[in-house]
Amino acid sequence: MKYETLPKAQDAGVAPWDLEVDRLTDYHVAVFEDRYPVAPGHLLFVPQYNTDAVISDCFETAMREGRRMVAAGECDAFNIGINCGEAAGQTVMYPHVHLIPRQLGDCADPVGGVRGVIAGQANYKAAGYQQPR
């Protein structure tokens, strides 16, 4: 089922976020701390309205916040991503964009970044990488 707005998804129990970051939330995008962060400062940018245009606003807002965090010295870099559907790892079935702050040395081999969602496929420079079929 597609929920048209964040409040409707929350009322249905589909959008479980409650750690809102008020300074970043506006009429299009709500921002929450991730309950299960993969890194300190992991944030979720959630569209107030479930449309492609507002989901794009989530990406733009996440980019601005990621750049601010780097400029402020809160992180060295960041990843931004979205999981769309169960096969992609989506567990909360209302769209949301992840901002994951990164630090130099936070993992042994960061080459490939978001490509790491498929085990063994992140580092396309390493032995064992296989071109997907």
Side-chain angles (χ1 to χ4, degrees):
M1 170 175 223
K2 179 180 177 181
Y3 296 93
E4 300 298 324
T5 67
L6 176 56
K8 287 181 181 177
Q10 288 171 317
D11 289 346
V14 173
W17 307 294
D18 55 6
L19 304 171
E20 191 162 2
V21 181
D22 291 331
R23 71 175 178 80
L24 294 173
T25 294
D26 65 20
Y27 64 97
H28 272 155
V29 178
V31 181
F32 299 90
E33 294 177 29
D34 194 297
R35 282 188 189 169
Y36 307 100
V38 298
H42 182 166
L43 298 174
L44 304 173
F45 294 75
V46 183
Q48 299 276 16
Y49 304 93
N50 189 356
T51 67
D52 290 348
V54 182
I55 294 168
S56 292
D57 290 344
C58 291
F59 277 96
E60 289 178 24
T61 305
M63 283 294 295
R64 280 194 303 275
E65 179 60 8
R67 288 180 180 143
R68 186 206 63 77
M69 293 171 82
V70 170
E74 296 172 20
C75 63
D76 296 315
F78 56 91
N79 297 104
I80 292 176
I82 188 170
N83 302 321
C84 296
E86 285 184 48
Q90 184 176 7
T91 57
V92 174
M93 295 305 164
Y94 187 80
H96 54 286
V97 174
H98 294 259
L99 168 64
I100 302 172
R102 302 296 304 275
Q103 303 292 337
L104 291 172
D106 66 1
C107 69
D109 186 3
V111 173
V114 297
R115 298 168 56 92
V117 299
I118 305 294
Q121 293 296 93
N123 187 347
Y124 56 91
K125 297 179 181 181
Y129 172 77
Q130 295 181 12
Q131 191 71 26
R133 298 173 212 266

Should [X] and [Y] be regarded as members of a common hydrophobic cluster, given that ILVMFWY residues are connected when their side-chain heavy atoms come within less than 4.5 Å of each other, either directly or indirectly?
{"X": "M69", "Y": "M63", "value": "yes"}
{"X": "V21", "Y": "L44", "value": "no"}
{"X": "L19", "Y": "I100", "value": "no"}
{"X": "I80", "Y": "L24", "value": "yes"}
{"X": "M93", "Y": "L6", "value": "yes"}

Stepwise side chain to side chain contact (heavy atoms under 4.5 Å, CB included) test for I82 and I55: CA-CA 10 Å; I82 188 170; I55 294 168; 4.2 Å; yes
Would you name the heavy atoms of [X] and [Y] that are closest together and state the gap between them?
{"X": "V46", "Y": "C58", "value": "C-SG, 3.6 Å"}
{"X": "V54", "Y": "P47", "value": "CG1-CB, 3.6 Å"}
{"X": "P95", "Y": "N50", "value": "CG-OD1, 3.3 Å"}
{"X": "F32", "Y": "Q10", "value": "CZ-NE2, 4.1 Å"}
{"X": "Y94", "Y": "Y3", "value": "CE1-O, 3.5 Å"}
{"X": "P101", "Y": "P40", "value": "CG-O, 3.4 Å"}

Kindly write out the residues that satisfy side chain to side chain contact (heavy atoms under 4.5 Å, CB included) with A72, not counting sequence neighbours, or none if the list is empty. R68, E74
Under the salt bridge (charged side-chain N to carboxylate O under 4.0 Å, His left out) test, which residues partner D106, sequence neighbours left out? R102
Has D18 got more than 12 heavy atoms of other residues, nucleotides or ligands less than 6.0 Å from its CG?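 Yes - once you tally the heavy atoms of other residues, nucleotides and ligands closer than 6.0 Å, there are more than 12.
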Return the [atom1] to [atom2] distance between [X] and [Y], rounded to the nearest 0.5 Å.
{"X": "Y49", "Y": "D57", "atom1": "OH", "atom2": "CG", "answer": "12.0 Å"}
{"X": "W17", "Y": "R35", "atom1": "CH2", "atom2": "CZ", "answer": "10.0 Å"}
{"X": "T61", "Y": "L43", "atom1": "OG1", "atom2": "CG", "answer": "11.5 Å"}
{"X": "K2", "Y": "T51", "atom1": "NZ", "atom2": "OG1", "answer": "7.5 Å"}
{"X": "N79", "Y": "H98", "atom1": "CG", "atom2": "NE2", "answer": "11.5 Å"}

With distance as the sole test, does Q48 use its side chain to make a donor-acceptor pair with the main-chain N or O of H28 at under 3.5 Å?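 No: the side chain of Q48 does not pair with the backbone of H28.
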What's the verdict on side chain to side chain contact (heavy atoms under 4.5 Å, CB included) for L99 and V31, showing C-alpha distance, side-chain angles and the deciding distance? CA-CA 10 Å; L99 168 64; V31 181; over 6 Å; no
